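Along the sequence shown, residues carry numbers from 1. Predicted model only: the values in this text are computed from it and were never measured. We use all heavy atoms of the structure for the numbers below, so side chains are in, but hydrogens, waters and symmetry mates are not.
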Amino acid sequence: MRKKLKKIKPIDLVRPDKLLFTGLKTLTELTLTPINMYADLKAKAKGKAEITFIGEKKLEEVKAQLFIFNEKEVSESTEKDFSPMRSMKDSNIYWLNIHGLHDVDLVQELAEVMNMDRLSVRHILDTTQRPKVEEFDDYLFFNVRSILLDEEDQLDVEQLSFVLGKNYVISFQEKESDHFDDIRFKIREGVGFVRKRTSDYLLIQLLDAILDNSFETIEDINEDIAELEKQVYKNPKQETLLALEKSKKRADLIKKSLNPFFESVNYILNNRTSLFLEPNIKYINDLRMSCANAIEEADSTARSLESLTNIYYASLSQKMNETMKVLTTVATIFIPLTFIAGIYGMNFEYMPELQYRNGYFIVWGVMGAIFIGMVIYFKRKNWL
């Protein structure tokens with residue numbers, strides 16, 4: 001079920017400089033990236049030439065899940081025992097999923113079993129790395145970012161890493177999530193082609209599931225845009241502008257995550273590594289097209305938000321012009337009345353009109369006629 005747009009508490013601002021300061025502060029919090037937060041830790045680890053987990057600890061205990069399957073049978077284990085990976089059978093496909101990355105020793109133990117390069121271990125444990133693909137002698141390293149809106153309408157960004165071998169896939173997640181529930185169901189129940197195909201097909205399915213998250217997030221943002229559009233046209237407020245800027249940053253973040261994804265898929269297609277079999281190349285190409293579509297959707301969303309921002313400022317400018325027009329019209333009407341009142345308010349002793357018996361009422365009549373005449377004139381000119 002679609003979540004309702006989170007209402008932002010109105011901000012009691014009067015001066016534009018206060019609004020600008022608040023907006024800049026909010027955007028600064030939105031654009032604070034993990035790279036900024038963990039720069040010192042990365043520099044320290046690099047200086048000591050040691051492997052360190054860089055990121056937020058999202059699980060208390062690291063968990064593992066191992067599927068061993070072929071077309072006829074499947075087994076599933078949740079033990080952190082990597083011994084089955086030491087003596088893998090060519091007739092089986094192995095999918096090991098690790099939940100939690102903060103246990104450096106466990107990841108290094110697995111890397112030793114699978115003969116993984118030290119550089120790959122660094123990339124797995126560093127959740128601030130730009131998504132990339134790297135080819136090694138007997139495996140392919142691939143990492144991506146998953147972006148979803150959580151129940152509190154906040155972006156949940158998770159980095160996932162994959163290691164693809166001849167007949168195995170190892171996936172590393174920062175936390176337990178439901179990205180791959182459909183794939184697990186297919187493996188357990190023998191639905192679809194996952195159990196009938198090779199490990200590269202399994203990786204393609206996993207990547208496709210991550211890409212679906214981006215489409216879902218873009219759709220959520222577009223639904224929020226529809227609500228913001230109504231606010232912009234009906235009653236643009238200060239909090240509407242901040243909500244627009246927040247959505248723009250979200251769209252930019254999705255695009256920044258999708259661009260490296262697209263580059264990595266392109267790399268696989270252009271280099272044609274032996275780990276991807278020819279019958280599965282069409283699925284990689286389909287993955288690339290889906291990624292290109294997601295990037296276009298993110299671009300379209302960003303353009304819509306930019307357009308709404310411009311409309312917001314135009315609406316405020318129009319409101320201000322309307323207000324100034326009314327004030328100017330009122331001031332114009334009272335200028336001649338003020339002139340008359342000023343003349344007869346002078347303290348000269350000899351003013352002929354002051355001696356008239358009905359002078360007071362005549363002046364009121366003249367002033368009233370001027371007032372009514374000017375109101376009628378402005379109405380005909382559509383200035384009121």
Could you walk me through whether Lys175 and Glu56 pass the salt bridge (charged side-chain N to carboxylate O under 4.0 Å, His left out) test, one step at a time? CA-CA 10 Å; Lys175 61 179 182 178; Glu56 179 186 355; over 6 Å; no

Any chance you could lay out the side chain to side chain donor-acceptor pair (under 3.5 Å) test for Ser91 and Asn70, step after step, and finish with the verdict? CA-CA 7 Å; Ser91 59; Asn70 53 41; 5.0 Å; no

I would like to know whether Thr198 and Asp200 meet side chain to side chain donor-acceptor pair (under 3.5 Å); could you show each step before the answer? CA-CA 6 Å; Thr198 49; Asp200 55 330; 2.2 Å; yes

For the pair Ser171 and Asn97, evaluate side chain to side chain donor-acceptor pair (under 3.5 Å) and give the outcome as yes or no after the intermediate values. CA-CA 5 Å; Ser171 53; Asn97 193 22; 2.6 Å; yes

Residues Tyr201, Tyr283; criterion ring-ring contact (aromatic ring centres under 6.0 Å, His included); working and verdict: CA-CA 8 Å; Tyr201 181 80; Tyr283 299 111; 5.2 Å; yes

Would Gln65 and Glu76 count as a side chain to side chain donor-acceptor pair (under 3.5 Å) here? Give the steps. CA-CA 7 Å; Gln65 184 182 40; Glu76 181 179 350; 2.9 Å; yes

Glu245 and Lys248: salt bridge (charged side-chain N to carboxylate O under 4.0 Å, His left out), yes or no, with the steps? CA-CA 5 Å; Glu245 293 298 328; Lys248 283 168 66 175; 3.4 Å; yes

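One N or O on the side chain of Asp103 and one on the backbone of Leu106 form a donor-acceptor pair closer than 3.5 Å. Judged by distance alone, with hydrogens and angles left aside, the side-chain atoms of Tyr233 form no donor-acceptor pair with the main-chain N or O of Leu228 at under 3.5 Å. Remark: the backbone N or O of Ile254 is not paired with any side-chain donor or acceptor of Thr217 at under 3.5 angstrom. The backbone N or O of Lys282 lies less than 3.5 Å from no partner atom in the side chain of Asp286, so there is not a single donor-acceptor pair. Checked by atom type and distance alone, the side chain of Asp150 pairs as donor or acceptor with a backbone atom of Glu152 at under 3.5 Å.
Side chains of Ser290 and Asp208: no donor on one and acceptor on the other come within 3.5 Å. Residues Thr128 and Asp126 bring a donor and an acceptor atom of their side chains to less than 3.5 Å of each other. Defined by atom type and a distance below 3.5 Å, a donor-acceptor pair is present between the side-chain atoms of Ser177 and Gln173.
Placement of Leu206 and Leu269 within a single hydrophobic cluster is found when ILVMFWY residues are connected by side-chain heavy-atom separations under 4.5 Å, directly or transitively. The hydrophobic cluster containing Met289 does not contain Val265, counting ILVMFWY residues as joined when their side-chain heavy atoms lie under 4.5 angstrom apart, directly or transitively. When the side chains of ILVMFWY residues are joined at heavy-atom separations under 4.5 Å, either directly or via intervening members, Phe185 and Val74 end up in two distinct hydrophobic clusters. Under a hydrophobic-cluster definition in which Ile, Leu, Val, Met, Phe, Trp and Tyr are linked whenever side-chain heavy atoms come within less than 4.5 Å, directly or via other members, Phe339 and Ile372 are assigned to the same cluster. The hydrophobic cluster containing Leu277 does not contain Ile284, counting ILVMFWY residues as joined when their side-chain heavy atoms lie under 4.5 angstrom apart, directly or transitively.
Residues Pro84 and Leu66 are in side-chain contact: their nearest non-hydrogen atoms beyond the backbone lie under 4.5 Å apart. Residues Thr301 and Ile225 form a side-chain contact, since some pair of their non-hydrogen atoms from C-beta on lies under 4.5 Å apart. Residues Ile340 and Ile370 are in side-chain contact: their nearest non-hydrogen atoms beyond the backbone lie under 4.5 Å apart. Within the 4.5 Å cutoff, the side chain of Ser120 has heavy atoms near those of the Tyr139 side chain. Within the 4.5 Å cutoff, side-chain heavy atoms of Met88 are placed close to those of Asn167. In this structure, the side chains of Phe162 and Leu207 come closer than 4.5 Å at one or more pairs of heavy atoms. For the pair Lys319 and Pro236, the minimum side-chain heavy-atom distance is below 4.5 Å. At least one side-chain heavy atom of Glu297 sits under 4.5 Å from a side-chain heavy atom of Asn222.
Pairs of residues two or more places apart, or lying in two chains, that qualify as side-chain hydrogen bond (donor to acceptor under 3.5 Å, both in side chains) and include a residue from residues 254-268 are Arg130-Glu263, Glu135-Tyr267, Lys255-Asp299, Asn266-Arg288.
The residues Arg272 and Glu278 are annotated as salt-bridged, a charged nitrogen and a carboxylate oxygen being separated by less than 4.0 angstrom. By the 4.0 Å N-to-carboxylate-O rule, Lys196 lies too far from Glu71 to be salt-bridged with it. Using a 4.0 Å cut-off between charged side-chain N and carboxylate O, Arg86 and Glu112 make no salt bridge. Ion pair Arg145/Glu158 not flagged as a salt bridge, since none of the NZ, NE, NH1 or NH2 atoms sits closer than 4.0 Å to an Asp/Glu carboxylate oxygen. Under 4.0 Å is where a charged nitrogen must lie from a carboxylate oxygen, and between Asp181 and Lys186 no such pair does.
When all heavy atoms of Glu79 and Ser77 are compared, the closest pair comes out as N-OG, 3.2 Å. For the pair Asn213 and His179, the tightest heavy-atom approach, listed with the atom from each and the gap, is ND2-ND1, 3.0 Å. Contact record, Leu258 with Ile295: CB-CG1, 3.6 Å, taken as the closest heavy-atom pair. Tyr168 and Ser199 get closest at one heavy-atom pair: N-CB, 3.6 Å. Here the closest heavy-atom approach between residue Arg250 and residue Leu155 is recorded as CG-CD1, 3.5 Å. The two residues Ser161 and Asn143 make their nearest non-hydrogen contact at OG-CB, 3.5 Å.
The environment of NZ in Lys166 is sparse: at most 12 heavy-atom neighbours from other residues, nucleotides or ligands sit within 6.0 Å. Residue Lys63 places its NZ atom among 12 or fewer non-hydrogen atoms of other residues, nucleotides or ligands, all under 6.0 Å distant. Within 6.0 Å of CG in Asp182 there are 12 or fewer heavy atoms belonging to other residues, nucleotides or ligands.
For His123, the ring-ring contact (aromatic ring centres under 6.0 Å, His included) partners two or more places apart in sequence, or in a different chain, are Phe141.
Distance CD/Glu216 to CG/Leu148: 5.5 Å, rounded to 0.5 Å. Taken from CD1 in Ile218 to OG in Ser214, the straight-line distance is 6.0 Å, to the nearest 0.5 Å. Separation of atoms CZ (Phe172) and CD1 (Ile98) is listed at 6.0 Å; rounding is to 0.5 Å.
Remark: of the listed residues Glu227, Glu229, Gln231, Gln231 is the sole one forming a side chain to side chain donor-acceptor pair (under 3.5 Å) with Thr240.
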For residues 325-335, dump all side-chain donor-acceptor pairs below 3.5 Å to protein atoms at least two apart in sequence or in another chain.
unit_1 : atom_1 : unit_2 : atom_2 : d
Thr328 : OG1    : Met324 : O      : 2.6
Thr329 : OG1    : Lys325 : O      : 2.7
Thr332 : OG1    : Thr328 : O      : 2.6

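A cation-pi contact, defined as under 6.0 Å to the ring centre and within 45° of the axis, links Arg197 to Phe193.
Relative ring orientation between Tyr360 and Trp364 is described as perpendicular, the plane-to-plane angle rising above 60° on a 0-90° scale split at 30° and 60°.
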